[in-house]
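Here is the structure we will look at.
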Amino acid sequence: MPSAQLLFLKDNQFNYSEILAWDDIPLPDEPFVDAWQEYIQDIARQGVLDALSKRLVQLQFPIQAGMSTNPNYLLATRRGLPTTTMPEATGTQFEDPSNLKVYLHQTLAGRIPVIETSNRTDFETLVRVFSRRNEPVPIPASMGACMIKGYNNWDRVASYKRQQAENFDFNQMKGQKHLYQDVFLILTDNGYSGVPAEMLGLAEDEWCRLSMTIRREHEATHYFTLRCLGSARNHLLDEFIADYMGIVAAAGRYRADWFLCFMGLENYPAFRSGGRLTNYLNNVELSEPAFELLKTYVKQAAENIERIGQKYYDQVYSAQGKYEMLLRLTKTNLMELAAEDAEERIFGY
């Protein structure tokens, strides 16, 4: 049965053991923010690439097939050994390093570091460096943002070691991940989800600006759910919610037509190859009837949420309302959002 293949749409792995009230938002910064503030200060004198390469060891290696299994690369990235005598550590090449920007972005869950570039090739290089272990793997054209989580920052380990001196014990430190693991974003301002400006009837420069806003808020939402609700997955529910927050930040309201373009469903029931919908089906086997039903669920969910936003405009689009709507959405699943009684399910009437 097609519906049986779509049971994953009922999945929700968010943890609600401690929901923060609006007065508690935003959260205090996580400890890694202090380190990145130092990096940003050094960037003013040294430039982005030089300042980051000294701290983030993956930037000391090239993009090269087999690099992820290279013994010296593993010693540097897994054990924090210095690269000064490693012949492979020739550095990462960028087309336009002067275009790289690093800053801290305020989110509901505290500030988060952002590495930004408008150069598409350099964006793909950054993704390969930090999420593909310096391997020259393809990066989907629809991908324009990446959240790096659980990043072992050996610069922070070295700093902590200097502070502790003879009392330093790395085995003890490993149990305190906040002391050495970072979360940061990689962003580019190319058209969001690979959607061209003309598809939305926008000027190119305006769409680039809006695309960056959507991406930042999309990834900021993943950061919030990771830190506060214990989960940030490559899953349709997570992506639906993150896109909701991104679209609202850019457009001032939720637009189902934009979301359907992002998913490749602007001409529903047709699916445009390259749309992001199939990005979230890597571990899911769907028959043709099941895929047709999936498209219907996605379209209905988007239209339901737009209609709810229109009905409760002042309530859901205020600063506090956006936060509370985020929490409501994380308590549902995609099938509930697509249901005829979605409004009742979201507001709990």
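Note that this is a predicted model, so its numbers are computed, not measured.
Note that CG of Asn72 is 9.5 Å distant from OG1 of Thr83, once rounded to the nearest 0.5 Å.
Defined by atom type and a distance below 3.5 Å, a donor-acceptor pair is present between the side-chain atoms of Asn279 and Ser142. Inspection of the Arg345 and Thr332 side chains reveals no N or O donor paired with an N or O acceptor under 3.5 Å. Under the 3.5 Å distance criterion, with hydrogens and angles disregarded, a donor-acceptor pair is assigned to the side chains of Asn152 and Gln181. Side chain to side chain, Gln5 and Ser287 meet the donor-acceptor criterion of an N or O pair below 3.5 Å. Judged purely by distance below 3.5 Å, without hydrogens or angles, the side chains of Asn99 and Thr117 pair a donor atom with an acceptor atom. Glu88 and Tyr73 are not linked by any side-chain donor-acceptor pair at a separation below 3.5 angstrom, with hydrogens and angles left out of the test. Between the side chains of Glu324 and Gln320, at least one donor N or O sits under 3.5 Å from an acceptor N or O.
Between the Arg156 side chain and the His178 main chain, a donor and an acceptor come within less than 3.5 Å of each other. Within the 3.5 Å criterion, the main-chain N or O of Asp122 finds a donor-acceptor partner in the side chain of Asn119. Judged by distance alone, the side chain of Lys149 and the main-chain N or O of Ala232 form a donor-acceptor pair under 3.5 Å. Formation of a donor-acceptor pair under 3.5 Å by the Asp238 side chain with backbone atoms of Arg233 is found in this model. Between the Arg276 side chain and the Gly264 main chain, no donor and acceptor come within less than 3.5 Å of each other. Side-chain atoms of Arg227 come within 3.5 Å of backbone N or O of Ala109 as a donor-acceptor pair.
The side-chain hydrogen bond (donor to acceptor under 3.5 Å, both in side chains) search around Gln163 returns Ser159, not counting sequence neighbours. Shown here are the ring pair (Phe, Tyr, Trp, His ring centres under 6.0 Å) partners of Tyr39, two or more places apart in sequence or in another chain: Trp36. Evaluation of the ring pair (Phe, Tyr, Trp, His ring centres under 6.0 Å) rule for Tyr268 yields no partner, not counting sequence neighbours.
Both Leu327 and Leu27 are part of a single hydrophobic cluster, where members link through side-chain heavy atoms under 4.5 Å apart.
In terms of heavy atoms, Glu204 sits closest to Ala197 at OE1-CB, 3.6 Å. When all heavy atoms of Gln13 and Ser231 are compared, the pair lying nearest together is O-CB, 3.6 Å.
You'll find the ring centres of Phe347 and Tyr312 inside the 6.0 Å limit. You'll find the ring centres of Tyr151 and Phe32 outside the 6.0 Å limit.
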| request: Given ring-ring contact (aromatic ring centres under 6.0 Å, His included), test Tyr244 with Phe259 step by step and report yes or no. | output: CA-CA 8 Å; Tyr244 171 86; Phe259 176 73; 9.9 Å; no
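Looking at Arg120 and Glu124, a side-chain N of the basic residue comes within less than 4.0 Å of a carboxylate O on the acidic one, giving a salt bridge. By the 4.0 Å N-to-carboxylate-O rule, Arg209 lies close enough to Glu206 to be salt-bridged with it. Of the charged side-chain nitrogens involved, at least one lies within less than 4.0 Å of a carboxylate oxygen, so that Glu266 and Arg272 count as a salt-bridged pair.
Few gaps surround NZ on Lys322; more than 12 heavy atoms of other groups in view lie less than 6.0 Å from it.
Note: Phe8 and His235 have perpendicular aromatic rings, judged against thresholds of 30 and 60 degrees for the angle between ring planes.
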